[in-house]
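Heads up, the thing below is written out as structure tokens.
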Amino acid sequence: MEIGVLALQGSFHEHQSILEKLGAQVVQVRLPHDLDGLDGLIIPGGESTTIGKLAVDFGLLEPLQHFGKEHAIWGTCAGSIFLSKDAHRQQPLLGLMDIQVERNAFGRQVDSFEIDLEIPVLQSVSNKKPIFHSIFIRAPLIEKVGKNVEILAKLPNEKVVAARQGRLLATSFHPELTEDTRFHQYFLEVVQ
Amino acid sequence: MGAEEKGTFKLKVGLAQMLKGGVIMDVVTPEHAKIAEEAGAVAVMALERVPADIRAQGGVARMSDPELILKIMDTVSIPVMAKARIGHFVEAQILEALGIDYIDESEVLTPADEEHHINKHVFKVPFVCGCRNLGEALRRIGEGAAMIRTKGEAGTGDVVEAVRHARRVLGDIRKLQNLPEEEVMAFAKELGAPYELLLETRKLGRLPVVNFAAGGIATPADAALMMQLGVDGVFVGSGIFKSGDPAKRAAAIVKATTHYNDPKILAEISRNLGEPMVGRQVSDIPEDKLIADRGW
């Protein structure tokens, strides 16, 4: 299986090393032709304004939108913002997922946090109890989801932090910063 | 489900990981900060004077006015960093109280302590520190730094020192990886590096935290050079706002940091950027005026 990681900026090496551990072939995507032949794509954490600007400058916006209509894409943190259709401010977005996000919803870096969350869909890849250690860094929240969007995880206060629409996934947190490969395994299942 | 934890080392290093492949730009006004954000900066460093002016004007360089830092924090949505003097833990406490995202304990400011750096473990906010070699990098990490950058020679527009420091750090790591384990302790002694961190670095084959380049980067080619040498991202200080067309140069350096391995793209984005900052050759600077020698 050939999986791309959008390598404009951010935690793309971290995603790459987990995918390789799981046996996937990984391609770093910086230009539109890098998408050719890929089975799925991860948009990493980073700064969503930087990733959006570089995607526009190098003609990636439309190819990514086109790719997402036929393939699986998973966005973590900044990647989830980039996938959304509304982030409450003017910045380039793919608009592929029917979700509205709020950037920096928890505040600044001193408000970043780690927490164990229950993510029931992870039971499809492992018999372990579906508790996942989730890392939120200046994270966004998924404020509103459209009717075709499935909610995958919530914080104890019921705020949505992971969602799926068809073969598109969005997480406010960073599975790529942990040693736990279950979320990546789940994504590879979605790709297949 | 567990309780949430804040201010952990994982979270401190994690923010730096989100900055990888990006450009952090020095800004002295909210207007500069806006230009930097629009050009694609991953973060800005809020300060009163860029290093080239600190160098030219002399005097004691201190933490910036909190009013300026707060205004810059209000202007942009990307992370905002600010500098504290080496060893000045109260400046760091003030910056933390402002809600700054990262503190640079920086040799660019006049050191407040000529023997000790800040104990960075006791802060919730993460720190970045400068280094010239692996020993210095690991001493700073030992004190709690969650991100490392080369010192280079700030405010010169001369990339030679950043290259020297990056080569030394990365070269020391290559050397370390070839040592049998029983020789690591003597190497730790030679470098003045904490032994446990040296072992960890040997196992990882890289620093245990994110490693950026800083000090003298002035062109897209400089940024790509540092990336090809193996750093994770770049800081640009005076190089942008001391140049003829800051917005254009800033955007070009951002693109170069992403496409650092593609000479055709680098050629395209290096065209027509206007005047670069007027540089100052590091070898012409008297030794007692070198900033990189500050830090212990």
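Predicted, not measured: the structure shown is a model, and the values here were computed from it. Below, chain A is the first sequence line, B the second, and so on; all start at residue 1.
Separation of atoms CG (A:Leu155) and CD (B:Glu4) is listed at 8.0 Å; rounding is to 0.5 Å. Interatomic distance, OG1 of A:Thr50 versus CE of B:Met18, reported as 13.0 Å (0.5 Å rounding). Considering CG of B:Leu11 and NE2 of A:His174, their distance stands at 9.5 Å, rounded to 0.5 Å.
The 12-atom threshold is exceeded at CD of A:Glu20, counting heavy atoms of other residues, nucleotides or ligands nearer than 6.0 Å. Annotation: A:Lys21, atom NZ; neighbour count of heavy atoms from other residues, nucleotides and ligands within 6.0 Å is above 12. Within 6.0 Å of atom CG in A:Asn127, 12 or fewer heavy atoms from other residues, nucleotides or ligands are found, so the atom counts as exposed in its surroundings. Surrounding NZ of A:Lys159 are at most 12 heavy atoms belonging to other residues, nucleotides or ligands under 6.0 Å away. Other residues, nucleotides and ligands place no more than 12 heavy atoms under 6.0 Å from the NE2 atom of A:His66. In A:Phe106, the CZ atom is crowded: over 12 heavy atoms of neighbouring residues, nucleotides or ligands sit closer than 6.0 Å.
For chain B, the nearby parts of A:Arg30 are the backbone and the side chain; heavy atoms of each come within less than 4.5 Å. Residue contact with chain A, scored on non-hydrogen atoms closer than 4.5 Å, is absent for B:Ala43. Contact annotation for A:Ser112: both backbone and side-chain heavy atoms come within less than 4.5 Å of a heavy atom of chain B. For A:Leu8, the parts lying under 4.5 angstrom from a heavy atom of chain B are both the backbone and the side chain. Residue contact with chain B, scored on non-hydrogen atoms closer than 4.5 Å, is absent for A:Ala78. Contact annotation for A:Phe12: neither backbone nor side-chain heavy atoms come within less than 4.5 Å of a heavy atom of chain B. Contact of B:Val13 with chain A is not made at all, since no heavy-atom distance falls under 4.5 Å. Looking at A:Leu54, only its side chain comes within 4.5 Å of chain B, counting heavy atoms on both sides.
Of the possible polar contacts, none joining the B:Gln17 side chain to the A:Gly10 backbone as a donor-acceptor pair under 3.5 Å is found.
Chain B is approached within less than 4.5 Å, heavy atom to heavy atom, by no residue from residues 181-192 of chain A. Of all residues in residues 86-103 of chain A, those placing a non-hydrogen atom less than 4.5 angstrom from a non-hydrogen atom of chain B are A:Arg89, A:Arg103. Using non-hydrogen atoms only and a strict 4.5 Å limit, no part of residues 217-233 of chain B faces chain A.
Closest approach of B:Lys6 and A:Val110 over heavy atoms only: CD-O, 3.8 Å. Taking all atoms of both residues into account, the shortest heavy-atom contact from A:Arg138 to B:Ile78 is NH2-C, 3.4 Å. Between B:Pro79 and A:Glu47, the shortest heavy-atom distance links the atoms CD-OE2, 3.3 Å. Between B:Leu15 and A:Ile137, the closest heavy-atom pair is N-CD1, 3.7 Å. Taking each heavy atom of B:Gly40 and A:Lys53 in turn, the nearest pair found is N-CD, 3.8 Å.
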Under the side-chain contact (heavy atoms from CB on, under 4.5 Å) rule, what do A:Phe58 and B:Ile265 come out as? Steps first, then yes or no, please.
CA-CA 10 Å; A:Phe58 289 94; B:Ile265 291 180; 3.9 Å; yes

Would A:Leu31 and B:Asp262 satisfy side-chain contact (heavy atoms from CB on, under 4.5 Å), going step by step from the backbone distance to the final call?
CA-CA 11 Å; A:Leu31 294 170; B:Asp262 191 329; 4.1 Å; yes

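Residues meeting the salt bridge (charged side-chain N to carboxylate O under 4.0 Å, His left out) test with A:Arg108, sequence neighbours left out: B:Asp101.
Looking only at heavy-atom pairs under 4.5 Å with chain A, the residue among B:Val254, B:Val125, B:Val42 that has the most is B:Val42. Between chain B and the options A:His13, A:Glu176, A:Glu114, heavy-atom pairs under 4.5 Å are most frequent for A:Glu114. Note: A:Gln109 leads A:Gln109, A:Glu14, A:His133 in heavy-atom pairs under 4.5 Å with chain B. Among B:Ala251, B:Ser77, B:Gly22, the residue with the largest count of heavy-atom pairs under 4.5 Å with chain A is B:Ser77.
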